[in-house]
Visitor: 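Got a structure for you, questions after.
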Amino acid sequence: AQSVTQPDIHITVSEGASLELRCNYSYGATPYLFWYVQSPGQGLQLLLKYFSGDTLVQGIKGFEAEFKRSQSSFNLRKPSVHWSDAAEYFCAVGAQGYQKVTFGTGTKLQVIP
Amino acid sequence: ETGVTQSPTHLIKTRGQQVTLRCSSQSGHNTVSWYQQALGQGPQFIFQYYREEENGRGNFPPRFSGLQFPNYSSELNVNALELDDSALYLCASSPGGGQPQETQYFGPGTRLLVL
């Protein structure tokens, strides 16, 4: 069974600073990996996904993530954070066969001026 | 293209009651998945429907059931509500057969409180 760990429950960064959110997964085969963002009162929005090819994935809103098989990681990065990026971020892993996606517990991002 | 909508936005029920939550998928999306998101947790997969048939289920008891209709709407039914059923319920639709590489489009959710 697949699982996801997001070690950071809460992260605070200054506006304009760089951001890295950590994600570690457990899955026996090549995983399908996702990052979602959830703003208060909103549903989940897909930022980016990886399932094959280039291990550096570009997403929306200036986010990118790098798949590192040796470390079982799929960390999310952004070079310069904007106040509107304050939200909760979820890493997720999917399994071949059907769309059972397993989510991590999320990292809440706070952006300070 | 309209997004995924859910109704109601909020709901309060008492323990033992039954509840029906509704989701309207994007037009043309044949797959709908339902998730439960408890406070402070990530969403947990309940089940998935493809062309009106359940084709995947997470670790949820049978009192969680669903229906999908030909008009791209769907329902999540929960019988014999328990206090732990209090959560945000999300539906997500996707255009294909529900493979993991497909993008899922999430609705804003229904927040259920069980007293």
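For the numbers below, each heavy atom of this structure counts, side chains included, while hydrogens, waters and symmetry mates do not. Every chain is numbered from 1, with letters handed out A, B, ... down the list of sequences.
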Visitor: Between K78(A) and E20(A), is there a side-chain N and carboxylate O pair less than 4.0 Å apart?
Guide: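 Not counted as a salt bridge, because no side-chain N and carboxylate O are separated by less than 4.0 Å.
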Visitor: What part of F34(A) gets closer than 4.5 Å to chain B, counting heavy atoms only: side chain, backbone, both or neither?
Guide: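 When you check distances to chain B, only side chain atoms of F34(A) fall under 4.5 Å.
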Visitor: What part of L44(A) is in contact with chain B, defined as an atom under 4.5 angstrom from a non-hydrogen atom: side chain, backbone, both or neither?
Guide: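 It is both, since atoms from each part get that close.
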Visitor: Let's test your reading of the structure: which of G42(B), P43(B), G109(B) forms the most heavy-atom pairs below 4.5 Å with chain A?
Guide: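 Looking at each of G42(B), P43(B), G109(B) in turn, P43(B) comes out on top.
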Visitor: May I ask you to test the F90(A)-V37(A) pair for a side-chain heavy-atom distance under 4.5 Å?
Guide: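 A side-chain contact under 4.5 Å is absent here.
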Visitor: Which distance, rounded to the nearest 0.5 Å, do you find between the NE2 of H29(B) and the OH of Y72(B)?
Guide: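 Spacing of NE2 (H29(B)) from OH (Y72(B)) equals 9.5 Å.
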Visitor: Between L88(B) and chain A, which part of the residue has a heavy atom less than 4.5 Å away: side chain, backbone, both or neither?
Guide: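 Just the side chain, heavy atoms under 4.5 Å.
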Visitor: Do the charged groups of D85(B) and R63(B) touch, with an N to O distance under 4.0 Å?
Guide: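 Salt bridge flag = yes for R63(B) with D85(B).
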Visitor: Are the side chains of L112(B) and L81(B) in touch, meaning some heavy atoms are under 4.5 Å apart?
Guide: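 Side chain of L112(B) against side chain of L81(B), heavy atoms only: contact under 4.5 Å found.
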Visitor: For Q38(A), which atoms come within 4.5 Å of any heavy atom of chain B: side chain, backbone, both, or neither?
Guide: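 Only the side chain of Q38(A) comes within 4.5 Å of chain B.
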Visitor: What part of Q37(B) lies closer than 4.5 angstrom to a heavy atom of chain A: side chain, backbone, both or neither?
Guide: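 Contact with chain A: side chain only.
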